[in-house]
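Residue numbers start from 1 in every chain, and the chains themselves are labelled A, B, ... in the order their sequence lines are given, proteins ahead of strands.
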Protein chains: 2
Amino acid sequence: MSKQDLPVVDLSAPACCSPLTSEPLDAQRAVELARVFKALGDPVRLRLLSLIASHEGGEACVCELTGVFDLKGPTISHHLKVLKEAGLITGDRRGTWIYYRVSPSTLRTLGDVLTVDPADEPAGVSA
Amino acid sequence: MSKQDLPVVDLSAPACCSPLTSEPLDAQRAVELARVFKALGDPVRLRLLSLIASHEGGEACVCELTGVFDLKGPTISHHLKVLKEAGLITGDRRGTWIYYRVSPSTLRTLGDVLTVDPADEPAGVSA
DNA sequence: CCTCTGTCTCGACAGTCATCGAAACAAGGA
DNA sequence: TCCTTGTTTCGATGACTGTCGAGACAGAGG
């Protein structure tokens, strides 16, 4: 459980995209993926990500995010940092404001990992 | 932060499947989703899920999972419980052994949430 | 230069989590 | 019945996490 200050997660490793269901995950990849899933494992971060992603232009500045929650600035800043270190968002400063946007590739890699082979799916999925 | 003993997560709510990127997540749905993502946010649980999913027949008994890790029985049992309460796996006893299998629907819901609209994707994705 | 606003870093606190040993429970067999 | 094996529950402990206030840093505009 040593939680030293790791750099930003980079999920671009080749085998990262094979579904969980197709073959056992090797230990190291599991650690990388877990770090990203853990970043998604908080309601505030999930909403932050969603707010950024769905915001006009695909980006949002912190000032537009802070008011949505009953949380103080440092807390929002902390969550944004976690998302950034997980490789889920990127931020750049433009003048006074800092704009964040999502990294679609990381999001997509996660989606691929969770893919379920239709063969494994029970036949009658009552939608 | 009251973390009372909530029942198993049920992600079958209607709007649960719309992507994060299409519209802001409402607070309650964020809580449900976060609980499932948090369950995935541990390397051991990710590997357990992967081992179960990719095991012959789509199911595995605890005895086949324990040996893979340098962890004691109670710890594995704890992680399996977390996965079960997140709605990611189900377990049933058959004689002496308990067999676990994944719930593809939950996995698929998560995949849908992480879907990225191709329009948001940068053009040249060198795959 | 100073000041103001937006955002982050630091340090602290309470709550939660991962892990374990010990013990309980369940099923099968002698 | 007792014993053995597989699995879970309980209680404890150390590590991590979410939150905040105080203060620092960055840029814009006097």
Side-chain angles (χ1 to χ4, degrees), chain A residues 1-6 8 27 30-31 34-49 51-52 59-86 88-101, chain B residues 1-6 8-9 27 30-31 34-49 51-52 59-86 89-101:
Chain A
M1 244 313 136
S2 53
K3 151 65 179 173
Q4 42 216 14
D5 231 2
L6 296 165
V8 174
V31 171
R35 215 145 85 79
V36 185
F37 280 123
K38 180 154 30 175
L40 294 176
D42 182 282
V44 174
R45 288 196 289 266
L46 228 30
R47 292 177 67 195
L48 281 171
L49 193 64
L51 283 166
I52 295 168
E59 65 183 11
C61 89
V62 181
C63 58
E64 295 170 305
L65 301 170
T66 307
V68 177
F69 304 89
D70 274 340
L71 295 171
K72 302 300 180 183
T75 303
I76 300 294
S77 184
H78 163 68
H79 286 305
L80 289 170
K81 184 179 175 187
V82 172
L83 288 171
K84 188 158 66 176
E85 288 178 347
L88 284 162
I89 60 175
T90 58
D92 70 315
R93 171 160 234 140
R94 290 211 284 284
T96 305
W97 296 280
I98 300 182
Y99 290 87
Y100 285 95
R101 53 174 58 239
Chain B
M1 263 271 174
S2 53
K3 153 68 175 162
Q4 42 219 10
D5 231 2
L6 295 166
V8 173
V9 172
V31 170
R35 215 147 84 79
V36 185
F37 280 124
K38 180 156 26 178
L40 293 176
D42 182 285
V44 173
R45 288 197 288 267
L46 228 30
R47 290 177 67 196
L48 282 171
L49 193 65
L51 283 166
I52 294 169
E59 64 182 13
C61 89
V62 181
C63 59
E64 295 169 305
L65 301 171
T66 307
V68 177
F69 303 89
D70 275 340
L71 296 171
K72 304 300 179 182
T75 303
I76 300 294
S77 183
H78 162 69
H79 286 304
L80 288 170
K81 184 179 175 187
V82 173
L83 288 171
K84 189 158 64 175
E85 288 179 348
I89 61 175
T90 59
D92 69 315
R93 171 160 234 140
R94 288 211 285 284
T96 306
W97 297 280
I98 299 182
Y99 290 87
Y100 284 96
R101 57 172 56 239

| message | Can you measure R93(A) atom CZ to dA28(D) atom P for me and round it to whole angstrom units? | response | 9 Å
| When the distance from CZ of F69(B) to P of dT19(C) is rounded to whole Å, what number comes out? | 10 Å
| Reckon K81(B) has a side-chain N or O less than 4.0 Å from the OP1 or OP2 of dT7(D)? | no
| Whole-Å gap separating C1' (dG6(C)) and OH (Y100(A)) | 12 Å
| request: Return no unless some side-chain N or O of T75(A) is found under 4.0 Å from OP1 or OP2 of dC20(D). | output: yes
| said: Less than 4.0 angstrom between a side-chain N/O of R45(A) and OP1 or OP2 of dG18(D), yes or no? | reply: yes
| said: Any side-chain to backbone donor/acceptor pair from R94(A) onto T96(A)? Under 3.5 Å, distance only. | reply: no
| Interatomic distance, H78(B) NE2 vs dT8(D) C1' [rounded to whole Å] | 13 Å
| request: Check whether any side-chain heavy atom of R45(B) lies under 4.5 Å from a side-chain heavy atom of L49(B), and answer yes or no. | output: no
| task | Using a 4.0 Å heavy-atom cut-off across all strands, classify G73(A) as base, sugar-phosphate, or nothing. | result | nothing
| task | Specify the residue among V44(A) and P74(B) whose closest nucleotide of DNA chain D lies further upstream toward the 5′ end. | result | P74(B)
| field | Distance in angstrom units between I76(A) CD1 and dG18(D) P, rounded | value | 12 Å
| note | W97(B) atom CH2 is separated from dA26(C) atom C1', nearest whole Å, by 13 Å
| Quick one: is dT7(C) close enough that its OP1 or OP2 comes under 4.0 Å of any side-chain N or O from Y99(A)? | no
| task | Give the nucleotide from the list dT19(C), dT8(D), dG6(C) with an atom nearest to the side chain of S77(B). | result | dT8(D)
| task | Could you state the atom-to-atom distance from CG of D92(B) to C1' of dT7(D) in whole Å? | result | 14 Å
